[in-house]
Amino acid sequence: MSERKKLDRRDFMRGAAAVAFTGATWAAVGEKTETKYWQLDPAKCTQCGRCTTHCVLTPSAVKCLNQFDICGYCDLCFGYLQPGSRNLDTGAENQLCPTAAIERKYIEAPYYEYKIHEDKCIGCAKCVKACLVFGNGSFYLQIRQDICINCNECSIAKSCPSDCFSEVPESNPYMFLTGDTHLAHPPA
Amino acid sequence: MKEPVRKTKHPYIVGACVAAIAGFYFYLVADKTKFPEPGENLVYDIKKFEDVDNVATRYKEGKPIVPTVDGPKAMEIDGAGNLFVGGKGAIAVYDASGAETSRIAVDGAATCLEFTPDGRLLVGLEDRVAVLGADHKTMATWSGFAERTLITSIAANAEEVFLADAANRCVLRVDYDGKVLNEIGKADEARDIPGLEVPSPYFDMAFDDEGSLWVVNPGKLGLERYRSNGDIVTSWYRPSLELDGFSGCCNPTHIAFNSAGRLVTCEKGLVRVKIYEVTAGSFEELVVGSKSFKVAQSVSDMVVDASDRVLVLDSRQKAVRIFEPEAPAVAKAVP
């Protein structure tokens with residue numbers, strides 16, 4: 001007949017140390033295995049247009065965003081209008097976007113708000129380049145994480161000429177534009 | 001005894017599978033052309049806009065001055081020809097040879113500088129103005145102009161001072177105690193004033209050689225001349241991608257007058273420095289074109305010295321670039 005061993009203080013300490021060690025190891029490993037997502041750095045982007053054609057999804061998971069606190073709300077918006085447009089209005093012949101994904105909305109004279117309809121946006125970056133060269137540079141591209149299928153090797157990243165794609169942590173999946181926000185909004 | 005040879009009953013199926021696997025491999029790995037390159041409808045080509053300023057210029061670039069202040073943003077030249085460059089917390093002073101001769105500490109980031117006719121230095125510090133005496137000591141500070149103020153330019157004559165407030169999209173006329181006398185440039189249909197449109201923090205003004213105040217209306221891509229009481233005298237706008245106009249949503253970013261009373265303008269985006277006859281707004285000549293600057297950049301400030309040299313504070317190169325006329329300008333009849 002076997003005798004049941006009594007749990008002494010030393011055994012208890014050993015057990016507690018084992019539990020603590022396991023917990024610490026799990027926490028350390030857990031941090032390293034946080035899910036990573038592909039994202040593009042707008043500061044490096046050269047608006048080459050490959051985000052439209054080189055994504056495995058159609059339309060691309062790369063979308064244009066407008067950082068409203070940098071936007072000038074210009075009447076003559078180069079991101080919205082074809083260069084040399086005869087009229088500053090919403091006529092299709094005046095619009096720069098190939099899919100008419102930008103909505104121009106009157107705020108107050110002479111300021112307009114420009115909103116991107118992401119379901120129409122194909123990520124070509126024509127508006128991004130035009131706004132950067134001629135305007136305040138408030139348009140920029142980002143991979144929409146709710147659309148992206150997070151390929152092991154992103155096919156746009158592979159072909160990006162400016163090497164602006166990298167993997168970012170799940171906790172911080174976007175690279176928002178920063179800039180001069182002195183003139184945040186048109187006066188009320 | 002002959003050993004039996006194991007043969008498949010369907011060799012063509014195996015062959016097809018091998019070919020399919022090989023084809024799939026080449027499709028995924030080896031075929032680099034599976035994605036088409038973006039065509040011209042998906043790419044914004046700015047070369048054609050850059051090429052409009054491929055014209056001869058009589059200005060040659062000289063040796064630049066590299067200011068040692070942090071975040072250089074503003075420039076001004078005093079009566080003795082010394083260059084003052086303002087940045088975060090300091091103003092550096094350079095003599096005609098480009099050597100730094102002194103340094104003035106300021107409480108904040110200098111956004112613009114201006115000398116009064118009696119030699120005081122007015123320093124725009126975003127939302128306030130510091131008045132420095134001839135000994136560079138602070139005599140007074142003017143503040144509390146509005147809830148949100150960004151002073152981007154100062155113009156002063158013997159009686160009063162004008163402050164370009166980009167955040168409130170108007171020019172503040174103040175006395176030498178810093179008290180606001182009136183606002184200039186707010187839209188007023190009854191007085192035929194269209195209103196200043198300022199979509200970005202670039203908003204400049206200057207006195208011409210007759211003492212008239214010219215204010216840039218950047219959103220309308222032109223200039224407006226005002227009286228002290230806020231009445232508009234005249235205006236002209238040149239929205240155009242051609243060389244004789246101003247491109248982009250908000251230009252020119254900086255203006256100054258040369259010794260001949262001609263208007264020198266500087267644009268952002270595609271940086272171009274040009275000279276105009278101010279009354280008619282007629283283009284006269286190019287000082288420097290966009291090929292000399294990075295695309296999509298702005299300059300922090302521009303001044304013209306007594307020798308008609310154009311000094312441009314290049315924010316990318318962090319240097320004061322100097323463009324010197326090689327030959328006198330050809331006289332043109334004023335229309």
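The chains referred to below are lettered A, B, ... by the order of the sequence lines, with proteins before strands, and numbering in each begins at 1.
Every residue two or more places apart in sequence or in another chain was checked for a side-chain hydrogen bond (donor to acceptor under 3.5 Å, both in side chains) with B:W236, and none qualifies. For A:F176, the ring-ring contact (aromatic ring centres under 6.0 Å, His included) partners are A:Y174, not counting sequence neighbours.
The two residues B:F35 and A:V56 have their closest heavy-atom pair at CZ-CG1, 4.2 Å. The minimum heavy-atom distance linking A:L76 with B:G248 is given by the pair CD2-O, 3.6 Å. When every heavy atom of A:Y111 is checked against every heavy atom of B:E197, the shortest pair comes out as OH-CA, 3.8 Å. A:N136 and B:C250 get closest at one heavy-atom pair: OD1-SG, 4.1 Å.
Evaluation of the ring-ring contact (aromatic ring centres under 6.0 Å, His included) test over residues 83-103 of chain A, restricted to residues two or more places apart or in two chains, returns none.
Both the backbone and the side chain of B:L42 come within contact range of chain A, judged by heavy atoms closer than 4.5 Å. If you measure heavy-atom distances from B:V43 to chain A, the contacts under 4.5 Å come from both the backbone and the side chain. Looking at B:I46, only its side chain comes within 4.5 Å of chain A, counting heavy atoms on both sides. Residue A:C51 does not touch chain B at all, counting heavy-atom pairs closer than 4.5 Å. Neither the backbone nor the side chain of A:L81 comes within contact range of chain B, judged by heavy atoms closer than 4.5 Å.
For the pairing with B:Y44, the side chain to side chain contact (heavy atoms under 4.5 Å, CB included) check across A:C127, A:P83, A:C131 returns one residue only, A:P83.
Using a 4.5 Å heavy-atom threshold, the side chains of B:N41 and A:P98 count as separate.
Under a cut-off of 6.0 angstrom, the local environment of NZ in B:K294 is sparse, with at most 12 non-hydrogen atoms contributed by other residues, nucleotides or ligands. The neighbour count for B:K186 NZ, taken as heavy atoms of other residues, nucleotides or ligands under 6.0 Å away, is above 12. Residue B:E147 places its CD atom among 12 or fewer non-hydrogen atoms of other residues, nucleotides or ligands, all under 6.0 Å distant. Within a 6.0 Å sphere centred on CG of A:N150, heavy atoms belonging to other residues, nucleotides or ligands number more than 12.
Against chain B, the residues from residues 112-125 of chain A that qualify, each with a non-hydrogen atom under 4.5 angstrom away, are A:I122, A:C124 in number order.
Summarising the geometry, atom CD belonging to B:E37 is positioned 7.5 Å from atom OG belonging to A:S159; distances are rounded to the nearest 0.5 Å. Note: B:C249 SG to A:F134 CZ = 10.5 Å, rounded to the nearest 0.5 Å.
Contacts with chain B were tallied for A:G135, A:G79, A:G137; A:G135 has the most, counting heavy-atom pairs under 4.5 Å.
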